[in-house]
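So the structure is just underneath, and the comments pick up after that.
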Protein chains: 2
Amino acid sequence: MSYTYDYPHPAVTADICIFSIRDGALHVLLIRRLVDPFRDSWAIPGGFIKMDEDLIEGARRELQEETGVEGVPLEQLGAYGAPDRDPRERVITVAFMALVPSDQMVLAASTDAADARWFAMDDLPPLAFDHDRILADARTALAHKVTNRITETASVAFQFLPRKFTLAEAQAVFETLKGEPLDKRNFRKWIAANWDLIDLGEKTSGGRHRPAALYSVDL
Amino acid sequence: MSYTYDYPHPAVTADICIFSIRDGALHVLLIRRLVDPFRDSWAIPGGFIKMDEDLIEGARRELQEETGVEGVPLEQLGAYGAPDRDPRERVITVAFMALVPSDQMVLAASTDAADARWFAMDDLPPLAFDHDRILADARTALAHKVTNRITETASVAFQFLPRKFTLAEAQAVFETLKGEPLDKRNFRKWIAANWDLIDLGEKTSGGRHRPAALYSVDL
DNA sequence: AAAAGTACGTGTATTTACAACACTTTATGT
DNA sequence: ACATAAAGTGTTGTAAATACACGTACTTTT
């Protein structure tokens with residue numbers, strides 16, 4: 001089967017930057033390519049949009065097919081379409097991003113991708129295509145989303161915390177997402193002002209130091 | 001000549017929202033379509049991306065071809081790709097926007113567009129495709145760009161003013177772009193704090209009221 | 001010449017957000 | 001008891017945003 005047009009058409013893909021925190025460090029989900037070009041290179045997951053699906057649906061489907069990840073709230077980042085970004089043919093990609101708790105994710109490779117793995121953002125392999133640029137843009141957007149407003153993305157941050165958490169643990173999560181250290185007192189003022197924290201009246205124990213109060217959050 | 005692919009490919013277009021102020025009201029540049037679908041409907045200018053040009057280059061070219069408008073600093077708004085947004089075939093569009101001084105623009109219609117005209121934003125005709133949504137998104141983005149930061153877009157605002165202008169004239173321009181009235185005293189503080197205004201020591205005359213001081217701006 | 005009309009020009013007080021900054025408290029381990 | 005380690009806690013300064021009202025200077029009309 002083949003498809004013929006009177007004028008040349010580009011291919012259109014959706015590529016998805018999935019961020020998570022693992023072991024206290026920001027990670028991104030990458031796949032190893034099984035096919036040329038960039039065979040055996042790492043890349044952000046993505047693939048061709050089908051003719052009957054919306055862009056975000058295509059992104060969701062590709063993400064599921066290539067990594068097994070489902071049910072994440074994607075946000076569009078923008079379109080990338082430099083003429084030579086793919087050596088095969090003209091390929092324009094629409095980039096999406098999301099922040100997810102990776103513990104609940106079951107990674108599964110597929111036919112298109114040999115392997116799906118989490119990589120620490122400060123220890124990335126060389127990436128296929130222009131995925132380094134896309135990922136850098138997504139990283140910047142993530143930091144803004146988490147701090148500037150009370151977005152859905154920001155509330156995902158609490159998914160990285162246990163149901164009962166200390167304020168120090170919460171601060172570590174937000175520092176990781178923003179990528180820079182935060183002042184302890186200012187952070188406590190900020191989080192108390194922007195979320196409904198519930199003081200559980202319980203304390204940590206077992207540390208060789210003063211116990212911390214435990215909180216939960218009402219999102 | 002025809003082009004054949006193993007898999008179906010969407011068409012990709014660039015559509016451009018060009019805003020300007022005319023007669024004190026925010027206007028947008030629209031074209032009347034000469035071809036189906038939506039023949040004789042009004043639409044934001046745009047067209048198919050060529051295989052060897054970047055998205056923004058394609059946007060610039062289509063804008064020039066369809067309206068004669070050149071040399072404007074486009075910014076990407078995002079990609080729109082609902083499966084049924086074009087009845088002919090699957091068409092994904094990447095939207096761009098810009099704010100320009102329309103007086104210097106020479107409008108010229110082309111083969112694709114019967115007519116290019118400015119429409120007041122509060123008196124729009126029905127638009128082709130999903131252009132009403134794209135335009136609404138662009139309108140929101142414009143208001144943010146003009147006020148939230150000192151962006152290039154914001155400095156275009158002064159292009160709507162004569163070289164020597166009064167602060168009341170400047171306020172009217174920013175109110176039009178933002179779409180809401182501004183407090184006179186606060187506006188004067190804000191503009192003085194954010195731009196280099198030069199008091200020319202001259203005054204208006206001929207009004208049936210107290211004359212206003214004339215300024216110019218050093219961008 | 002006086003009065004009315006019209007837009008010009010100006011200052012202060014309040015609130016909010018953000019940034020900087022240091023010491024006391026309370027547990028654990030030796 | 002003492003050392004260690006992290007928890008917890010307020011104030012101050014600055015900048016930015018908001019709200020708000022009246023005297024001034026010129027033109028036109030009577």
Side-chain angles (χ1 to χ4, degrees), chain A residues 24 143-151 154 157-158 161-217, chain B residues 23-24 143-151 154-155 157 161-162 164-217:
Chain A
H144 281 103
K145 278 181 206 295
V146 168
T147 55
N148 279 8
R149 294 156 210 165
I150 313 299
T151 60
F158 290 98
L161 293 166
R163 188 145 61 211
K164 304 176 179 184
F165 57 85
T166 68
L167 295 182
E169 289 168 338
Q171 182 173 343
V173 166
F174 278 91
E175 284 175 337
T176 300
L177 294 173
K178 192 162 179 208
E180 63 184 23
L182 302 171
D183 177 83
K184 179 161 60 161
R185 282 172 288 192
N186 291 339
F187 173 76
R188 284 166 186 239
K189 274 181 287 190
W190 176 80
I191 196 171
N194 289 293
W195 274 278
D196 281 339
L197 291 182
I198 301 157
D199 187 336
L200 298 172
E202 304 174 53
K203 303 263 174 191
T204 55
S205 67
R208 62 183 65 181
H209 53 78
R210 176 174 175 177
L214 286 168
Y215 293 84
S216 69
V217 69
Chain B
D23 302 323
H144 281 102
K145 280 181 205 294
V146 168
T147 55
N148 279 6
R149 295 155 210 166
I150 312 300
T151 59
S155 64
L161 294 166
K164 303 176 179 184
F165 57 86
T166 69
L167 295 182
E169 290 168 337
Q171 182 174 343
V173 166
F174 280 91
E175 284 175 336
T176 301
L177 294 174
K178 190 162 180 207
E180 63 183 24
L182 301 172
D183 177 83
K184 180 159 61 160
R185 284 170 287 190
N186 293 339
F187 173 76
R188 285 165 187 240
K189 274 180 286 190
W190 175 79
I191 195 173
N194 289 292
W195 274 278
D196 280 340
L197 290 183
I198 300 157
D199 186 338
L200 298 171
E202 305 174 55
K203 303 263 174 194
T204 55
S205 66
R208 61 184 65 181
H209 53 78
R210 175 176 176 179
L214 287 168
Y215 293 83
S216 69
V217 68

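Letters go in sequence order (proteins before strands), and every chain restarts at 1.
DNA chain D is contacted by both B/Pro211 and A/Pro211; A/Pro211 maps to the nucleotide lying nearer its 5′ end (nearest heavy atom per residue). Summary of the strand contacts: B/Tyr215 and A/Asn186 both lie near DNA chain C, and taking for each the nucleotide with the nearest heavy atom, the more 5' one is attributed to B/Tyr215. Toward the 5′ end of DNA chain C lies the nearest nucleotide of A/Asp183, the other residue of the pair A/Asp183 and A/His209 mapping further downstream.
Rounded to the nearest 0.5 angstrom, B/Leu200 CG and B/Phe165 CZ are separated by 8.5 Å. Between the CG atom of B/Leu161 and the OH atom of B/Tyr215 there is a distance of 13.5 Å, given to the nearest 0.5 Å. The CG atom of A/Asn186 lies 13.0 Å from the CD1 atom of A/Ile191; values are rounded to the nearest 0.5 Å.
The two residues B/Lys164 and B/Glu169 make their nearest non-hydrogen contact at O-OE1, 4.3 Å.
Between A/Arg185 atom CZ and C/dA20 atom C1' the separation is 8 Å, expressed in whole Å. For the pair A/Arg188 CZ and D/dA7 C1', the interatomic distance rounds to 6 Å; values are reported in whole Å. Here C/dA19 presents its C1' atom at 17 Å from NZ of A/Lys184, a figure rounded to the nearest Å. Put simply, CZ on B/Arg210 is 9 Å from C1' on D/dG23, counting in whole angstrom units. Between the P atom of D/dA7 and the NZ atom of A/Lys203 lies a distance of 11 Å, rounded to the nearest Å. The interatomic distance linking A/Phe187 (CZ) with D/dG10 (P) rounds to 18 Å, in whole Å. Rounded to whole Å, atom P of D/dA25 lies 19 Å from atom CD of B/Glu202. To the nearest angstrom, P of D/dT9 lies 14 Å from CD of A/Gln171.
The side chain of B/Ala212 lies closest to C/dG9 when the candidates are C/dG9, C/dT26, D/dA7. With C/dG9, D/dG8, D/dT11 as the choices, the nucleotide that has an atom nearest any side-chain atom of A/Lys189 turns out to be D/dT11.
Between A/Phe174 and A/Phe187, the two ring planes are tilted [angle within 30° to 60°].
At C/dA7, none of the side-chain N or O atoms of B/Arg208 fall inside 4.0 Å of OP1 or OP2 (strictly under the cut-off).
When heavy atoms are screened at a 4.0 angstrom cut-off, A/Ala213 is found touching the sugar-phosphate backbone but no base atom.
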